[in-house]
Asker: 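Here's a structure for you.
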Amino acid sequence: PPPPYLWKSWRGVIVYLCFLCNTCLYLCRTSITVAIVYMYKDYRVQGFLLTGFYVGYTLSQMPGGWAAKRYGAKPVLSLAVFVWSVVTILTVYFGPKDGSEAAAHADPVTSGILFTLRLIVGLAEGVNYPCQMALNTAWIPRRERARTWTFGVGGEPAGTILALLGGPFLIEATSTWRSVFIISGAVGFAWLALFFVLASSTPEDHRWISQAELDYIRSDDEIAGNEKYSSLPGEESAVHPQPLNGTSRTELDPEIVPWKEILSNRAFQCTVFGHICYNYGYYVVLSWITDYFKTKYKANYGSLGMVSILPYVLLLLTNPGAGFFGDWLEKKGFSTLNSRRIVNSIAMFGASIGFVASGIIAQSTVTPEDEKNNLYPAAIVLAVTVSVGGLMVGGIWSNFRDLSDKYAPILIGISNSIASLPGIIGQGFTGWLLAATDGNWFWVFCTAGIIECIGAFVFLVGAKAEDQKFGERRG
């Protein structure tokens, strides 16, 4: 029998679960972005608390990739979601008292506790993408990799929209910033129940998968119109009992990760560098967008939710669209490498231009009349900037599996870890820059634009898309 259509199959269910997981992740992650302006006025305090997440997020990426390979993606990801949901809810017991205005300052003990809680949330959420990459490599044939990966990543803007749109409404309706954290954590537990019942680390372990779909997942080539399968290199299937390249993956010691070979690989270094540069701009917007519209344009809570979510509404289209666009380019005859280059260049060079334009609009906003007239143009330009930048999931983010199927969870763990440094450095730097320039957003956006441009260029000239055979050269 023919294998089930992707979006009506068990591998499709895994993709949907990844989308929903990322929705929950970004709901918990962005809750602090919404609540912080109702908690504290001081930019330095805001920057300090926002940094806590990224410290934890940086530390757990590589261990998360290793753990997903060692123990399986399902148990590791389940534990991570449980931890970040619990700790998000625990946040309500700390922080300033509810009131009509945010607190001017934070005492050292309270700010230290909140920083630690956000660090733990970051530690737990840092495990997410290495686990999802492990699920993707186990469940998804290479010919479906770009569209499925980018569809799952589409949960990021979905969760951000829920937080930015629903958060201000919840806070105003309940007269407390604590409501955002309670709802965010509860959603995580709901997802965990679904994941426990419907998912498995590998298709071989799934209780309901058909043999036809299992064979299809193991296959690598589809001959036009026929269900004739050939295995992924080094992988067996019912059709091809022996690996096509004569080298079994099991012959490579699963306990030995070729760290030196991976870290010294030039193509991987270029991909990581581009990832760092993209994240700088994205994290600045993600962490400061509510404050930007509230302080620069005096947006009230009704309009604040709408202008803040606009970038992420468009990301719901460009994130999945990047994968379909990349797959379409390959079907039209472009190599995988050129497909990645085209998609990523549109994303990051385009975002660079948009950030500079956002800075110019902010610089030109001086009077109360300017604030009123420029609010929606500023929101539209920033929305287009972020959504165009989101196409990078079809470039840099899809490149990790190109470089290595076997070690893709490790690669994304390393890259996400290093690329989280802008979250640590960038949040504190942005808070300092705003305080030093009396809230001048021009320099914030122009800095992001320059960094994005540099990253786009490095990936364009240095990326590769063929398997680097990490660990297979030992002898």
Side-chain angles (χ1 to χ4, degrees), residues 17-36 49-68 71 73-91 114-136 149 152-164 167 180-192 195 275 278-279 282-283 286-287 312 319 393 397 409-410 412-424 426-427:
L17 286 170
C18 287
F19 176 95
L20 292 174
C21 182
N22 292 330
T23 301
C24 297
L25 182 148
Y26 267 77
L27 189 59
C28 288
R29 179 172 179 168
T30 313
S31 58
I32 188 71
T33 302
V34 175
I36 195 72
L49 296 182
L50 291 171
T51 299
F53 172 89
Y54 295 101
V55 173
Y57 196 68
T58 299
L59 294 175
S60 61
Q61 296 282 339
M62 285 187 279
W66 175 85
Y71 300 107
K74 181 177 180 178
V76 176
L77 184 56
S78 297
L79 177 61
V81 176
F82 177 81
V83 170
W84 86 53
S85 299
V86 168
V87 176
T88 296
I89 293 174
L90 286 177
T91 306
L114 290 173
F115 180 91
T116 302
L117 291 175
R118 294 308 297 175
L119 185 149
I120 295 171
V121 172
L123 284 170
E125 293 198 358
V127 173
N128 176 65
Y129 279 120
C131 286
Q132 290 199 17
M133 181 59 77
L135 288 171
N136 188 275
W149 179 254
V153 173
E156 290 187 9
T160 306
I161 288 168
L162 289 175
L164 294 178
V180 174
F181 294 99
I182 294 172
I183 297 299
S184 299
V187 171
F189 285 114
W191 178 88
L192 196 56
F195 188 63
H275 194 182
Y278 169 79
N279 273 6
Y282 184 71
Y283 286 168
L286 180 67
S287 298
Y312 305 100
N319 272 171
V393 299
W397 266 67
I410 300 291
I412 199 170
I414 294 171
S415 187
N416 245 356
S417 180
I418 299 172
S420 295
L421 291 175
I424 300 172
Q427 305 317 309

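Numbers for residues simply follow the sequence, beginning at 1.
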Asker: Count the heavy atoms of every other residue, nucleotide or ligand shown that sit under 6.0 Å from CZ of Phe82, and state whether that count exceeds 12.
Answerer: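 Check fails, neighbour count at 12 or below.
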Asker: Test side chain to side chain contact (heavy atoms under 4.5 Å, CB included) on Phe189 and Val86; report intermediate values, then the result.
Answerer: CA-CA 9 Å; Phe189 285 114; Val86 168; 3.5 Å; yes
Asker: Give the intermediate values and the outcome of side chain to side chain contact (heavy atoms under 4.5 Å, CB included) for residues Thr23 and Trp191.
Answerer: CA-CA 10 Å; Thr23 301; Trp191 178 88; over 6 Å; no
Asker: Measuring centre to centre across the rings, with the benzene-like ring taken for any Trp, is Trp397 within less than 6.0 Å of Tyr129?
Answerer: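 That pair passes the under 6.0 Å test.
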Asker: Shortest non-hydrogen contact from Asn416 to His275?
Answerer: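 Scanning both residues, the minimum pair turns out to be OD1-CE1, 3.1 Å.
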Asker: Yes or no on side chain to side chain contact (heavy atoms under 4.5 Å, CB included) for Tyr54 and Leu421, after CA distance, side-chain angles and deciding distance?
Answerer: CA-CA 7 Å; Tyr54 295 101; Leu421 291 175; over 6 Å; no
Asker: For the atom pair OG (Ser60) and CD1 (Ile120), what is the distance rounded to the nearest 0.5 Å?
Answerer: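 These two atoms lie 12.0 Å from each other.
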Asker: Is any side-chain heavy atom of Phe195 closer than 4.5 Å to a side-chain heavy atom of Leu20?
Answerer: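 When only atoms from C-beta onward are counted, Leu20 and Phe195 do not touch, as no gap falls below 4.5 Å.
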Asker: Between OG of Ser415 and CG of Asn279, what distance do you get to the nearest 0.5 Å?
Answerer: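 Rounded to the nearest 0.5 Å, the OG-CG separation comes out at 8.0 Å.
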Asker: Can you tell me how far CG of Leu49 sits from CD1 of Ile32, rounded to the nearest 0.5 angstrom?
Answerer: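 It is 6.0 Å, given to the nearest 0.5 Å.
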Asker: For the side chain to side chain donor-acceptor pair (under 3.5 Å) test, which of Gln132, Arg29, Glu156 pairs with Asn22?
Answerer: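 Among Gln132, Arg29, Glu156, the one meeting side chain to side chain donor-acceptor pair (under 3.5 Å) with Asn22 is Gln132.
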Asker: Looking at Ile414, is its backbone amide N or carbonyl O close enough to the side chain of Gln61 to form a donor-acceptor pair, meaning the two atoms are under 3.5 Å apart?
Answerer: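 Here the side-chain-to-backbone pair does not exist.
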Asker: Atom CH2 of Trp149 and atom CG of Leu135: how far apart are they, to the nearest 0.5 Å?
Answerer: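 Between atom CH2 of Trp149 and atom CG of Leu135 there are 9.0 Å.
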Asker: Could you tell me the separation between the OG atom of Ser31 and the CG atom of Leu162, rounded to the nearest 0.5 Å?
Answerer: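 The CG atom of Leu162 is 12.0 Å from OG of Ser31, to the nearest 0.5 Å.
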Asker: Provide the closest heavy-atom pair for Asn319 versus Val393 in the form atom of the first, atom of the second, distance.
Answerer: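 Between these two residues, the closest heavy atoms are O-CG2, 3.3 Å.
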Asker: Please name the pair of heavy atoms, one in Ser85 and one in Gly185, separated by the smallest distance, quoted to 0.1 Å.
Answerer: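 Looking at all heavy atoms of both residues, the closest pair is CB-O, 3.4 Å.
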Asker: On a heavy-atom basis, which atom in Cys21 and which in Val81 lie closest, and how many Å separate them?
Answerer: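 Shortest heavy-atom contact: SG-CG2, 4.2 Å.
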Asker: At their closest point, which heavy atom of Thr88 faces which heavy atom of Ser184, and how far apart are they?
Answerer: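 Of all heavy-atom pairs spanning Thr88 and Ser184, the closest is CG2-CB, 4.1 Å.
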Asker: Nearest 0.5 Å, please: how far is CD1 in Ile36 from OG1 in Thr30?
Answerer: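 If I round to the nearest 0.5 Å, the distance is 13.0 Å.
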Asker: Test side chain to side chain contact (heavy atoms under 4.5 Å, CB included) on Leu117 and Val121 and set out the steps.
Answerer: CA-CA 6 Å; Leu117 291 175; Val121 172; 5.7 Å; no
Asker: Report yes if some heavy atom in the side chain of Tyr283 is under 4.5 Å from a heavy atom in the side chain of Ser420; otherwise report no.
Answerer: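 In short, these two side chains touch, coming nearer than 4.5 Å.
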Asker: Leu123 and Leu59: which non-hydrogen atoms are nearest, and at how many Å?
Answerer: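 Of all heavy-atom pairs spanning Leu123 and Leu59, the closest is CD2-CB, 3.9 Å.
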